[in-house]
Amino acid sequence: MEIVLISLLNGLVYGMLLFMLASGLTLIFSMMGVLNFAHASIYMIGAYLAFTVSQVLGFFPALIIAPILCGLLGAAIEIYGLRRVHHNGHIAELLFTFGLVFIIQRGVQMTWGMLPMAYRVPAILDFPLFTVYGANFPAYRGFMLLISAGMLLATWLLLKKTRIGLIIQAALTHPQMASSLGHNVPMVFTIVFAGGCLLAGLAGVIGGNYQTTEPGMAEAMGPIVFVVVVFGGLGSLAGCFIASIVMGVIQTFAVVIDYSFIDFLKPLGISVTADNLLTEILTVPVARIGALLPFAMMILILLFRPRGLLGTRDT
Amino acid sequence: MNGAFGKSWLWIAAVAFALLLPWCFYDFHTARHSGFMLSMLSQMGMMIILALSYNMLLGQAGLFSLCHATFFGIGGYATVHFLNAAGDGDLPLPMEIIPLLGGFSGLGLAIIFGYMATKQRATAFAMITLGIGELMATAALMFHHFFGGEGGVSTNRMIDHSLFGLTYASGVQVYYLILAWTLIATLAMFFLTKTPLGRMANATRDNFERAQFMGYDPRVVRFLQFSLSGLFAGIGGALYAITYEIVTFDALAGPLSANALLMAYIGGTTVFGGPVLGAVLITLLQSGVSLMSNSWLVYVGVLFISMVIFAPSGIAGLIMGHKPILRAGKLGQLVVPYIRVLVPGLLLVLGFVGLVELTSFLTIGAAQGKTLVLGGNKIDVHATMPWLVSAIALFGGGAWLRIEARHFRRVWDGLMADLKSADGKAERVLA
Amino acid sequence: MSIPASGTPALSIREITKSFGQTAIIRGVSLDIAAGERHAIIGPNGAGKTTCFNLISGRFPISSGEIYLNGERIDQLPPHKINRMGLSRSFQITSIFQRMSVFENLRCALLWSRGYRYSFWSPLWMQRELNAQAEFLLEDLNLHTRRDLPAGLLSYAEQRALEIGMTIAGGASVILLDEPTAGMSNTETDYAMDLIRRVTKGKTLVMVEHDMKVVFDLADVITVLVYGQVIASGPPETVRANPAVQEAYLGALVE
Ligand SMILES: Nc1ncnc2c1ncn2[C@@H]1O[C@H](COP(=O)(O)OP(=O)(O)OP(=O)(O)O)[C@@H](O)[C@H]1O
Ligand SMILES: [Mg+2]
């Protein structure tokens, strides 16, 4: 029982982290029709920047500075890169952000080296928040939940209460109208792209010491975030939220479940003795399948709901 | 008709060249071929197949796939198992046919995954293929029976069964087998572009709605194109397995999918032969630059992004752009402008490479205990001088290039305008 | 003038409606179009003419109602199936394959109806009859001097001609043309109308058109669509005389 509660909480933490990334991706996609492949790379930059800044100024200034730097980087990418390839169509834009992945990946390795950074949870948050049946829930995870919930609220208010938020919302539901709204579209694009990158950067700051800050973190996170976005339905923030949480919970649960398919078949009197690919599939413990689950789930949902959980639009 | 075979002399020359090439590196003292050259050439062959089959999606059907290596890899893994079976005498097939089995494995998997992925197009398609690629890569590390886990699966290609009595003990024999299959695959893919399906793939790429109102279901077009491209990727993977006699996770993971994309795009997706150029170039770079430098991915990445921004039709597209000027016999007028662009361009590249290498040696190189050596001189990466020189070369070259590029643009546009008005005149005379 | 309807109409629309979100764009349109009829749909901007075409051709699903093509129900079918049953359409905004040559555009438009389907085994350069047909179409559209030019580089009028050519190439019996002459000069319009008359001979033609001269020249039946509803439908003389039409629409344009 304790394991369920703790896993649920951990899943929530991870899910919220996913959502911070996925929501930025969704916003950018809905507004500009561009899927930013480099989104997870920005997340990684956020973590590295946070590490460097926190070495000099401490964790809390880094919490502010690193995301802002990521936002600025995003704005630069939009203005000097994306805008130039825009007229060549969406595939060109996709390719552009795809190329960025390589450059950022290697650029980060060149700047910070190949080894993991010693980016640690700040000392004042490094204590167990509470204990459930002997299992600790670290305070830092609580803090992460707080930050991501706060960010969620801030984004929501921004979307509901500001002019630019209304434009973005209109674009979410009627993509073809975005350009006919008569607003300064390029500027809105830059803001949205920078905003998405800012969110990714913030996710990097709080995710960098929750996971490890190392050159492989973008590669590890990227596919999951894309899966979340597709699973939730391209362009749907609500779907994206549900998908993030579901994915977070499933992944944390999978790690602690010590069963394999064959254990479920045992009550039916089925057991395996042979040694081949099929029996291997049946006997692999769920804990190891955890990494595979998100992708399998994505494919499954696409078979039955081609537009994802709550998606309403095609691409 | 002449469209189909117009450039055939170029292809014949390329094949003749490929046939002769191993002998250019033949050491007559030891009576041996250069192992390095042979393996690089073999690698080129399979990469050409991979890039061309990738372009069946990206260039011909406008589909941005991120799981192409899945089919290459599965062709490789399957071939290892086929070879093992053949070696045990369970599969009475000659070596020359086995790549086709690898191809069918690719086809089979592409049919399954294609059914799911081709429900969508454009961005959603790209994301689903990303998911498929990750799924397979994860699965490859998980299931040891088929994939062998981290270590991969290995085989012995000397199955002692060949149509031509060959043993495939030596690298040259394998090279010629690869060359033959590369040719077959290339011709087959070229043929496909000249069929109704190939044409409708172009059509759905340009305007899928119009294709629908002509009776075609764009999804079926995508599906067939995807499956067939999986067939060829599988053949490429089979050749990989035969060459290296071991197939690991690398043959099916994301980086190879990305490589397929890079090769096809840099070479040029709008011309059939473009990906061939890209595959040759990237393989050369990979075996050359990656030996010398840690940062070759940065260079490829920057090259790729520059192409996306400045030359979306790739190297082949750039070359083809010169055709009208060549035909008008005015190529000579571009020589001087080209030199004028090349000099600052070179400066820019040198400056960039300098900065990248300096940075890289400061961190990664230091960690590996390497030092930067240039022309026999050790370079102190902590000194100011090399940084300053590189930075000046980069920014100075960049500024200079901007000016020269504008000049070049003027000359080019002038030439094009000349050609247009000449065309116009010719037409009026005809009319 | 009008050809007497024999048996089932070629195209029959029953009470179709269409809403985008909250707004009803098509508010109950019914029409019967006889085989061989030349039917013009007119109406002010934003009346829903193009939307009607989109519904008939299967581009958008209808909100309610029924559509029959030669007696068979088509309103639940995807566009390619409707096309295979003999209905073809053109677009108000030119919709061609920009990067392919003019010849390839036409040849592609011929493929399905000539039974090639998704063939990846028949080399196109050996299909004598198909190629001859494409060349013939090229001549017919007066585009043979542009044969190998990428379609995106054609002039506007030429692109419109190609659009019409691609629409009729498949041999559909019911042709929907959406403002085929919009944006053309007078001579170009005359030429285009001549072309349309020629290539749609013996077929059922439904055309959206703003140019009243063209409409009254060509149409057997005119339907006036205003704000998503049919306010009049009949032979040109009756429609011209209809006071509601004069008030809503024609008064300003004719005379
Ligand atoms: N996909 C869509 N989503 C929302 N509204 C739409 C859509 N397509 C058309 N409309 C609306 O439907 C109305 C009718 O449009 P439609 O294009 O059918 O008019 P039309 O009669 O063809 O006009 P025109 O003469 O300008 O071509 C317009 O107000 C338009 O804004
Ligand atoms: Mg219209």
Side-chain angles (χ1 to χ4, degrees), chain B residues 1-6 56 59-62 187-229 231-232 269-271 312-313 317 420 423-424 426-428 430-431, chain C residues 53-54 57-59 78-91 93-101 103-127 130-131 145-146 148-152 163 166-167 169-172 176:
Chain B
M1 240 359 247
N2 49 9
F5 301 109
M56 284 178 69
Q60 291 163 24
L187 283 175
M189 282 187 267
F190 185 69
F191 176 85
L192 279 178
T193 64
K194 306 282 174 197
T195 63
L197 179 71
R199 277 293 175 264
M200 288 317 293
N202 296 162
T204 48
R205 168 199 70 196
D206 281 6
N207 185 341
F208 78 100
E209 282 209 305
R210 179 43 110 173
Q212 262 184 312
F213 292 108
M214 295 185 338
Y216 279 88
D217 183 352
R219 193 185 154 199
V220 177
V221 175
R222 288 197 293 269
F223 170 70
L224 290 174
Q225 189 80 358
F226 190 89
S227 306
L228 287 171
S229 107
L231 169 74
F232 291 108
T269 55
T270 53
V271 184
S313 51
K420 258 229 176 85
D423 266 4
E427 224 163 72
R428 248 169 277 141
L430 275 175
Chain C
F53 272 20
N54 285 338
S57 62
R59 192 178 185 202
H80 54 270
K81 294 226 171 104
I82 297 176
N83 180 272
R84 290 173 201 168
M85 291 169 65
L87 182 141
S88 184
R89 68 166 292 183
S90 76
F91 290 80
I93 298 160
T94 307
S95 177
I96 53 181
F97 306 121
Q98 303 275 338
R99 283 162 64 186
M100 294 163 68
S101 75
F103 175 76
E104 290 296 356
N105 267 273
L106 289 170
R107 189 159 68 175
C108 279
L110 285 165
L111 282 175
W112 188 272
S113 59
R114 301 303 182 270
Y116 287 96
R117 305 171 70 93
Y118 301 101
S119 155
F120 48 84
W121 50 86
S122 23
L124 281 171
W125 74 85
M126 277 166 47
Q127 313 307 315
L130 175 76
N131 294 333
T145 55
R146 299 281 185 268
D148 297 315
L149 206 64
E163 170 99 30
M166 288 168 70
T167 307
L176 315 185

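Order of the sequence lines sets the chain letters (A, B, ...), proteins ahead of strands, with each chain counted from 1.
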How many angstroms lie between atom [atom1] of [X] and atom [atom2] of [Y], to the nearest 0.5 angstrom?
X	Y	atom1	atom2	answer
I82(C)	F213(B)	CD1	CZ	8.0 Å
R199(B)	Y116(C)	CZ	OH	13.5 Å
L192(B)	F120(C)	CG	CZ	7.5 Å

- Query: What residue in L197(B), V221(B), T270(B) has the most heavy-atom pairs under 4.5 Å with chain C?
  - Reply: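 Max contact count across the listed options: L197(B).
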- Which one of L228(B), T193(B), V220(B) has the most heavy-atom pairs closer than 4.5 Å to chain C?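 Most heavy-atom pairs under 4.5 Å with chain C: V220(B).
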- Message: Going by ring-ring contact (aromatic ring centres under 6.0 Å, His included), name the residues that satisfy it together with Y216(B), two or more places apart in sequence or in a different chain.
- Response: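 In terms of ring-ring contact (aromatic ring centres under 6.0 Å, His included), with neighbours along the sequence ignored, Y216(B) is linked to W112(C), Y118(C).
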Over all heavy atoms of both residues, which pair between [X] and [Y] is shortest? Give the atoms and the distance, please.
X	Y	value
Q98(C)	D206(B)	N-OD2, 3.6 Å
N83(C)	M214(B)	OD1-C, 3.2 Å
P196(B)	S122(C)	CD-O, 3.1 Å

- Message: With a 4.5 Å cut-off on side-chain heavy atoms, are E163(C) and R210(B) touching?
- Response: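 Contact flag for R210(B)/E163(C) side chains = yes.
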- Query: Are any non-hydrogen side-chain atoms of N207(B) and R99(C) less than 4.5 angstrom apart?
  - Reply: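 Contact flag for N207(B)/R99(C) side chains = no.
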- Query: How would you list, by chain and number, every residue that makes a side chain to side chain donor-acceptor pair (under 3.5 Å) with T204(B), sequence neighbours excluded?
  - Reply: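 Not a single residue meets the side chain to side chain donor-acceptor pair (under 3.5 Å) criterion with T204(B).
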- Query: With only heavy atoms counted, which part of I96(C) is less than 4.5 Å from chain B, the side chain, the backbone, both or neither?
  - Reply: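 Backbone only.
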- R59(C) CZ: over 12 foreign heavy atoms closer than 6.0 Å: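 Yes, because the 6.0 Å sphere around CZ of R59(C) holds more than 12 heavy atoms from other groups.
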